[in-house]
Amino acid sequence: MENESSETRNRARLAIMELANMISVPMSLNAAVRLGIADAIWNGGANSPLSAAEILPRLLLPSHTTIGGDPENLQRILRMLTSYGVFSEHLTGSIERKYSLTDVGKTLVTDSGGLSYAAYVLQHHQEALMRAWPLVHTAVVEPETEPYVKANGEAAYAQYGKSEEMNGLMQKAMSGVSVPFMKAILDGYDGFKSVDNLVDVGGSAGDCLRMILKQFPNVREGINFDLPEVVAKAPNIPGVTHVGGDMFQSVPSADAIFMKWVLTTWTDEECKQIMKNCYNALPVGGKLIACEPVLPKETDDSHRTRALLEGDIFVMTIYRTKGKHRTEEEFKELGLSAGFPTFRPFYIDYFYTILEFQK
């Protein structure tokens, strides 16, 4: 047996303690969002270092709070999230700590359009989703039923459709993630230049189409295609028609079809069906432009690999046990099986990759 006082054993024990207590990270992040810490520190762009006691009066404290909150407990949350790069810590004197936002923390600041990554955090940590996490192991032994379904009695998307609150939070979360991502790909990808009409499959509120049409005026018509209950709540957008339907039955015809984070949540066979319907809706030379997380071929401990693999387990737990993040080669094979002879990946964003399938 190895000496427990050795460097190797000490590191191993420390690593497993970090992993075992890691739930503190997302739950503290959830608390930071609920309290509105990022907006409180940002303060219209000032981002001045503030102590917990200075931040506290600016927070979204519940109306029944009578003592003004607890600055010590707030500091504990700030300090822990500082270790994960959400805040910067500024030591003044011997004991006072002040905090400002890092670039990571700024993703939680509400922008002029009322969006940020905050809704994405809250969406992931809803009570119904949290109930599924202790059942992740059942995805291994009983893969025919998702942990979410075991915990809640029905599929996540079915519940979103029935709950105005869950559906609203999902739309806001997807908008908060989509807008900065779309800005990145519109700056670095010119695949929409030759497109006259474009369908966004699973377009939710239509934010992606709105941005594409603004950047590429050659796209004269946009069709936001999603479930009827989703598009029923979508806002009016000039040049965009909201169409309800089922992508497993058919997809509206267009020069090009766009989709983001759609294929990830379905099995290989379901992806083939979706992609075949896209193939049938396109003219010869038409493109399916899919934005999906793409796993690296080899596993390492980089932030990118971890974020992609964490997302993969999220899909397995919440949406489909056999839905998954895929490698570039796996996407290429799916495209070939659906009839697309040409495949090109574009690595612009660190999380989503643009996958271009041409008919």
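Just so it is clear, the structure is predicted and the values come from calculations on it, not from any experiment. Worth knowing before you read on, the calculation uses all heavy atoms, side chains too, and leaves out hydrogens, waters and symmetry mates.
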Between Asp196 and Arg220, is there a salt bridge with N-O shorter than 4.0 Å?
yes

Using atom types as modelled and distance alone, determine if a side-chain donor or acceptor of Ser100 lies under 3.5 Å from a backbone N or O of Pro49.
no

Is there a donor-acceptor pair closer than 3.5 Å between any side-chain N or O of Asn277 and the backbone N or O of Phe248?
yes

Just wondering, are more than 12 heavy atoms of other shown residues or ligands nearer than 6.0 Å to CD1 in Ile23?
no

Would you call the rings of Phe340 and Phe357 parallel, tilted or perpendicular if under 30° counts as parallel and over 60° as perpendicular?
tilted

Quick one: do Trp42 and Leu101 satisfy side-chain contact (heavy atoms from CB on, under 4.5 Å)? Show the steps, please.
CA-CA 7 Å; Trp42 184 243; Leu101 298 178; 3.9 Å; yes

So does Thr110 get a backbone contact from the side chain of Asp39, meaning a donor-acceptor N/O pair under 3.5 Å?
yes

When you measure from the side chain of Gln126 to the backbone of Gln123, do you find a donor-acceptor pair of N or O atoms at a distance under 3.5 Å?
yes

Salt bridge check: are Lys260 and Asp200 linked by an N-O gap of less than 4.0 Å?
no

Find out whether Arg9 and Asn3 are in side-chain contact, i.e. whether some heavy atom of one side chain is under 4.5 Å from a heavy atom of the other.
no

Under a 3.5 Å distance rule, please check whether Thr138 uses its side chain to pair with a backbone N or O of Leu135 as donor and acceptor.
yes

Enclosure of Glu154 CD (heavy-atom neighbours >12, cutoff 6.0 Å):
yes

Residue pair Glu229 / Tyr160, side-chain donor-acceptor N/O under 3.5 Å
no

Phe343 six-ring face occupied by Lys332 cation (under 6.0 Å, within 45°):
no

Side chains of Arg58 and Leu50: does their closest heavy-atom pair fall under 4.5 Å?
yes

Is there a ring pair (Phe, Tyr, Trp, His ring centres under 6.0 Å) between Tyr99 and His90? Walk through the geometry before answering.
CA-CA 6 Å; Tyr99 298 88; His90 310 264; 7.9 Å; no

If you draw a 6.0 Å radius around OH in Tyr84, do more than 12 non-hydrogen atoms from other residues or ligands fall strictly inside?
yes

Could you walk me through whether Phe181 and Phe351 pass ring pair (Phe, Tyr, Trp, His ring centres under 6.0 Å), step by step?
CA-CA 9 Å; Phe181 163 71; Phe351 191 84; 9.3 Å; no

When rounded to the nearest 0.5 Å, the distance separating CE of Met182 from CG of Leu209 is 8.0 Å

Cluster check Met80, Met27: I/L/V/M/F/W/Y, side chain < 4.5 angstrom
yes

Closer than 3.5 angstrom, by distance alone: can the side chain of Glu333 be matched with the main-chain N or O of Glu330 as a donor-acceptor pair?
no

If the threshold is 4.0 Å, N to carboxylate O, is there a salt bridge linking Glu127 and Arg131?
yes

Criterion ring pair (Phe, Tyr, Trp, His ring centres under 6.0 Å) on Tyr189 and Phe192, from CA distance to verdict
CA-CA 8 Å; Tyr189 173 72; Phe192 299 107; 5.6 Å; yes

Between Lys359 (side chain) and Tyr279 (backbone), is there a donor-acceptor pair under 3.5 Å?
yes

Taking the cut-offs as 6.0 angstrom to the six-membered ring centre and 45 degrees off its axis, would you call Lys193 and Phe216 a cation-pi pair?
no

Taking the side chain as C-beta and beyond, is there a heavy-atom pair between Tyr117 and Leu29 under 4.5 Å?
no

Walk me through it: do Asp255 and Lys287 pass the test side-chain contact (heavy atoms from CB on, under 4.5 Å)?
CA-CA 7 Å; Asp255 298 333; Lys287 294 181 292 191; over 6 Å; no

Minimum heavy-atom distance Leu263-Cys271, with the two atoms named:
O-SG, 3.1 Å

Atom CE in Met174, atom OG in Ser204: separation rounded to 0.5 Å?
8.0 Å

Going hydrophobic residue to hydrophobic residue with side-chain gaps under 4.5 angstrom, can you get from Met211 over to Val262?
no

Check each of Asp226, Val231, Ile223 against His242 using the side-chain contact (heavy atoms from CB on, under 4.5 Å) test, and report the only one that passes.
Val231

Any donor-acceptor N/O pair, Ser337 side chain to Leu334 backbone, under 3.5 Å
yes

Between Asp301 and Arg306, is the side-chain contact (heavy atoms from CB on, under 4.5 Å) condition met? List the steps.
CA-CA 6 Å; Asp301 62 357; Arg306 284 180 172 174; 3.7 Å; yes

For Arg326, is there an ion pair with Glu292 - N to carboxylate O distance below 4.0 angstrom?
no

Any sub-3.5 Å donor-acceptor pair from Lys172's side-chain atoms to Leu115's backbone N or O?
no

In this structure, are over 12 heavy atoms from other groups packed under 6.0 Å from Arg76 atom CZ?
no

Would you compute the distance between atom OG1 of Thr305 and atom CG of Asp300 and round it to the nearest 0.5 angstrom?
3.5 Å

Derivation and outcome, side-chain contact (heavy atoms from CB on, under 4.5 Å), residues Ile37 and Leu74:
CA-CA 10 Å; Ile37 293 174; Leu74 174 59; 3.6 Å; yes

Separation between CE (Met275) and CG (Leu288), nearest 0.5 Å, reads 5.5 Å

Under a 4.5 Å side-chain heavy-atom rule over Ile, Leu, Val, Met, Phe, Trp and Tyr, are Met170 and Leu227 clustered together?
no

For Arg97, is the CZ atom crowded, meaning more than 12 foreign heavy atoms sit under 6.0 Å from it?
yes

Would you call Lys322 and Glu270 a salt bridge, using N to O less than 4.0 angstrom?
no

Show your working on ring pair (Phe, Tyr, Trp, His ring centres under 6.0 Å) between Tyr157 and Tyr319 and close with a plain yes or no.
CA-CA 8 Å; Tyr157 283 123; Tyr319 294 125; 4.8 Å; yes

For the CZ atom on Arg13, are there more than 12 heavy atoms of other groups (residues, nucleotides or ligands in this structure) within a distance under 6.0 Å?
yes

NZ of Lys98 to CD1 of Ile41, rounded to nearest 0.5 Å, is 12.0 Å

Keeping the roles fixed (side chain from Ser175, backbone from Gln171), state whether a donor-acceptor pair exists under 3.5 Å.
yes

Taking every heavy atom of Leu308 against every heavy atom of Pro293, the minimum-distance pair comes out as CD2-CB, 3.5 Å

Tell me the closest heavy-atom pair linking Gly105 and Ala38, and the distance in Å.
O-CB, 4.0 Å

Other residues, nucleotides and ligands only: do more than 12 of their heavy atoms fall within 6.0 Å of NZ on Lys233?
yes

Taking all heavy atoms of Ala281 and all of Pro252, pick out the closest pair and write down the distance.
CB-O, 3.6 Å

NZ/NE/NH1/NH2 to OD/OE distance under 4.0 Å, Lys297 and Glu328:
no

Looking at every heavy atom in both Ala32 and Leu81, which two are closest together, and how far apart are they?
CB-CD1, 3.9 Å

State the CG-NE2 distance between Leu169 and His125, to the nearest 0.5 angstrom.
11.5 Å

Closest heavy-atom pair, Pro71 versus Ala52, reported as atoms and distance to 0.1 Å, is O-CB, 3.3 Å

Does CE in Met22 sit with more than 12 non-hydrogen atoms of other residues, nucleotides or ligands closer than 6.0 Å?
yes

